[in-house]
Every structure is written in structure tokens, then in C-alpha cells.
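Treat the numbers as computed from the prediction; the structure is a model and nothing was measured.
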Amino acid sequence: LEEVFNLPEATDFAEKLSQAPIKDLTKAFSINDRLLSVQELFNGDNDLFNATLKKLNTFDSFDEAKKYLASSIASKNKWASKGKKGKAKTFIKTVRRRYS
């Protein structure tokens, strides 16, 4: 599961732009990203997805968010599995931007 949370630092300009800070995670996902995240990472549970974003917005640091996700969400929904790992990394990359 640790592999999912380890993201490389941005090296080129486009990557750096894609890591601009986010103030509110509930507004950070496009409709398509939201639907894919709910289906792939939250087993179709839209309420869990929304509750998770709201909870993540209350944390002051990425470390707090990481602990919460690892203990309460990622392990239960098997984010480290081969089929979910890529989407999980994309989701976590967005979450990390909240604490930039």
C-alpha cells in the first residue's frame, strides 16, 4: 500500500502546473474523475467518496490525510491491487495538492 502513496516530484513545467494547490477537494474532481474514482476506488459508494473528501478537507497536512486514507479507505478497498493502483495514485496526487 505504501507504493500507492509514494509519488515522484514534478520535474517538468507541465507536471508542476498540474500540482497547483487545491482549497476544496469536493470541487477538485471533474464529473468523469468523480465517477471513475467512485467506481474503482470506493466500490461504487458515492456517499463514502463524498464523506472521504469532506473528512480530508479537515486535515492540516498530507501526513494526516495519508494516515486516514491508509487505515480507513485504501486498505479496505484494496487500492494496492494491480487494477486499482494507477487510479489510486491519481486520486492521491489530487489529495496531496490540497496540502501544498
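- Scanning both residues, Leu56 and Leu25, for their nearest heavy atoms gives CB-CD1, 3.6 Å.
- For the pair Phe42 and Ile73, the minimum side-chain heavy-atom distance is below 4.5 Å.
- Using a 4.5 Å cut-off between side-chain heavy atoms of Ile, Leu, Val, Met, Phe, Trp and Tyr, with links allowed through other members, Phe29 and Ile92 fall into the same hydrophobic cluster.
- Considering CG of Asn57 and NZ of Lys27, their distance stands at 9.5 Å, rounded to 0.5 Å.
- Smallest separation of non-hydrogen atoms from Ala70 and Ser75: O-OG, 3.1 Å.
- A single hydrophobic cluster is seen to contain both Phe91 and Tyr99, as judged by linkage of ILVMFWY side chains at heavy-atom distances under 4.5 Å, directly or through other members.
- Shortest non-hydrogen contact noted between Trp79 and Leu41 is NE1-O, 2.8 Å.
- In this structure, Asp33 CG and Thr90 OG1 are separated by 8.0 Å, a value rounded to the nearest 0.5 Å.
- No side-chain donor-acceptor contact under 3.5 Å links Ser72 to the backbone of Leu69.
- Although no hydrogens or angles enter the test, the distance criterion places no donor-acceptor pair under 3.5 Å between the side chain of Asn43 and the main chain of Asp45.
- Lys87 places a side-chain heavy atom less than 4.5 Å from the side chain of Ser37.
- Figure legend: cation-pi geometry between Arg96 and Phe62, with NZ or CZ positioned under 6.0 Å from the six-membered ring centre and within 45° of its axis.
- Shortest non-hydrogen contact noted between Glu40 and Lys84 is O-CE, 3.0 Å.
- To the nearest 0.5 Å, atoms CG (Asn50) and NZ (Lys55) are separated by 15.5 Å.
- Qualifying side chain to side chain contact (heavy atoms under 4.5 Å, CB included) partners for Ser61, counting only residues two or more places apart in sequence or in other chains: Asp63, Glu64.
- Close placement of the Phe59 and Tyr68 rings is indicated, their centers lying within 6.0 Å of each other.
- Nearest heavy atom pair, residue Thr26 against residue Lys54, reads CG2-CG, 4.1 Å.
- Rounding to the nearest 0.5 angstrom, the gap separating the CZ atom in Phe49 from the CD atom in Gln39 is 11.5 Å.
- Expressed to the nearest 0.5 Å, how far CG of Asn77 lies from OG1 of Thr52 amounts to 8.5 Å.
- Listed for the Arg98 side chain is no donor-acceptor partner under 3.5 Å among the backbone atoms of Asp24.
- Using modelled atom types, one finds no donor on one side chain facing an acceptor on the other under 3.5 Å when comparing Ser30 with Asn32.
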